[in-house]
Amino acid sequence: MNLASVDLNLLVAFEALMEERHVTRAGQRIGLAQPSMSSTLTRLRALFGDELFVRSASGMQPTAKALALARPISDALGQIRGVLEPTSAFNPATARHRLSIAATDYGDLVVVPRLVEALRREAPGIDLVVRPIIDPAASVASLEHGDVDALIGGHLPASPRIIRSTLFTERFVCIRDAKRATLKARLTKDDYTRLPHVLFSSAGGDGLPGAIDTMLSRHGRKRRTAITLAHVVAVPFAVAGTDLVATMAERVARRFATAAGVSVVPVPYDVEPFTIDLLHTRRAMANPALRWFIELVNRVCGTL
């Protein structure tokens, strides 16, 4: 193919369609009216010899060919944008900017405090808005539509339009009332299923089986969930002074152990660790402020 005969603006339109999955919204994003965007899609289909995007009840769904093209086209456009950026470097110390992220309870408690500390030290003119992740799928959709700049948390759903990077790995531990834990340093497998449990459920206390219950079922075991709470910070304080036990992320457990009067003990089963991830769009890397912020998040989390 003769590159000189290709309108590179078609690739910009392809990127917008891939992220918006809607002809009109994609056109608005790149400054084209709906008829012009439809004509551009026709040209894209001719260029690649494929339908690329097919109408469905949930929007324009990419074909296998479009999905295969998404990453290389995004990378190529990212390099071109980098070359064409103004030569003046982004200076976080003097920048005035507003960023919006969404985080799980875990992200709020473990990552955000250290992130705020770094922002105040390195970029005091950057304002940060942190929203809760209540419905992970809805939060990913908000990220795709540009309502937030990034997501931080664990167990977040995948999307072909999103870049995911692992910040660090977390593991599960148990917490018990500190006085009871001194009587018996470790929990046995029988202790674990005999004692009543506190469960954290961000969905508002629905108590649905999770990773721990799935793991126990493989061992032919089952636990009793006596208390279900909607906020993870409430869990250690509910355990304190009772016979209850809870299984939770280690960094959160240790953060509140002393204040709540609980002890951290190992889980008596092998439980798979999980990752805390950072999610952002490909277009974020073309924004100097967002690119710096993403690098900051990775740097801060490298010390956790």
Side-chain angles (χ1 to χ4, degrees), residues 14-21 29 58-59 61-79 81-82 99-115 118-119 128-172 202-203 210-211 214 232 249-252 271-304:
F14 175 90
E15 182 184 54
L17 281 164
M18 178 59 68
E19 295 190 358
E20 297 293 343
R21 309 291 173 94
R29 200 168 119 184
S58 57
Q61 294 304 309
T63 64
K65 175 79 169 180
L67 291 172
L69 289 168
R71 185 60 183 267
I73 286 177
S74 178
D75 290 346
L77 290 174
Q79 291 184 19
R81 289 179 179 122
L99 296 169
S100 176
I101 68 171
T104 59
D105 276 17
Y106 180 99
D108 266 343
L109 293 169
V110 176
V111 178
V112 170
R114 296 289 292 274
L115 187 56
L119 277 174
L128 179 67
V129 176
V130 182
R131 302 177 185 175
I133 294 179
I134 299 172
D135 180 340
S139 292
V140 168
S142 293
L143 177 61
E144 292 172 340
H145 294 150
D147 298 328
V148 294
D149 298 312
L151 306 181
I152 298 174
H155 311 292
L156 298 176
S159 166
R161 290 169 279 180
I162 296 300
I163 294 175
R164 176 192 303 265
S165 60
T166 296
L167 297 172
F168 54 87
T169 300
E170 180 60 285
R171 67 173 185 169
F172 288 105
S202 61
T214 301
V232 70
E250 182 175 20
R251 288 176 176 85
V252 175
V271 185
E272 287 291 323
F274 61 97
T275 60
I276 301 301
D277 300 321
L278 170 67
L279 277 62
H280 61 83
T281 61
R282 293 185 174 90
R283 63 180 177 270
M285 301 310 290
N287 182 314
L290 280 179
R291 188 167 62 242
W292 175 85
F293 178 75
I294 289 165
E295 292 169 355
L296 179 70
V297 174
N298 280 281
R299 177 155 48 87
V300 164
C301 289
T303 67
L304 292 174

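Small disclaimer: the values here were computed from a predicted structure and weren't measured.
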Between the side chain of R161 and the main-chain N/O of E19, is any donor-acceptor distance below 3.5 Å? yes
side-chain contact (heavy atoms from CB on, under 4.5 Å) for W292 and N287? Distances and angles first, verdict last. CA-CA 9 Å; W292 175 85; N287 182 314; over 6 Å; no
Could you walk me through whether E20 and H145 satisfy the side-chain contact (heavy atoms from CB on, under 4.5 Å) test, starting with their C-alpha distance in whole Å, then the side-chain angles of each, then the deciding distance to 0.1 Å, before giving a yes or no? CA-CA 7 Å; E20 297 293 343; H145 294 150; 4.1 Å; yes
Can you name the nearest heavy-atom pair linking [X] to [Y], along with the distance?
X: I152; Y: G107; answer: CG2-CA, 4.5 Å
X: F172; Y: A249; answer: CD2-N, 4.2 Å
X: L115; Y: V300; answer: N-CG1, 4.1 Å
X: P62; Y: M18; answer: CB-CE, 3.9 Å

Find out whether [X] and [Y] are in side-chain contact, i.e. whether some heavy atom of one side chain is under 4.5 Å from a heavy atom of the other.
X: R171; Y: V271; result: no
X: L151; Y: L156; result: yes
X: F293; Y: I101; result: yes
X: V140; Y: I162; result: yes
X: T104; Y: D108; result: no
X: T281; Y: L143; result: yes
X: S165; Y: N298; result: yes

Return a table of donor-acceptor pairs under 3.5 angstrom between the side chains of residues 272-280 and protein atoms on other chains or two or more places apart.
{"from": "T275", "atom 1": "OG1", "to": "D277", "atom 2": "OD1", "distance (Å)": "3.1"}
{"from": "T275", "atom 1": "OG1", "to": "D277", "atom 2": "OD2", "distance (Å)": "3.2"}
{"from": "D277", "atom 1": "OD1", "to": "T166", "atom 2": "OG1", "distance (Å)": "3.3"}
{"from": "D277", "atom 1": "OD2", "to": "R164", "atom 2": "NH1", "distance (Å)": "3.0"}

side-chain contact (heavy atoms from CB on, under 4.5 Å) between R114 and L304, worked out: CA-CA 9 Å; R114 296 289 292 274; L304 292 174; 3.5 Å; yes
L69 and K65: side-chain contact (heavy atoms from CB on, under 4.5 Å), yes or no, with the steps? CA-CA 6 Å; L69 289 168; K65 175 79 169 180; 4.0 Å; yes
Indicate every side-chain donor-acceptor pair of residues 129-136 with a distance under 3.5 Å to a residue at least two apart or in another chain.
{"from": "R131", "atom 1": "NE", "to": "S100", "atom 2": "OG", "distance (Å)": "3.4"}
{"from": "R131", "atom 1": "NH1", "to": "D147", "atom 2": "O", "distance (Å)": "3.4"}
{"from": "D135", "atom 1": "OD1", "to": "A137", "atom 2": "N", "distance (Å)": "3.1"}
{"from": "D135", "atom 1": "OD1", "to": "A138", "atom 2": "N", "distance (Å)": "3.3"}

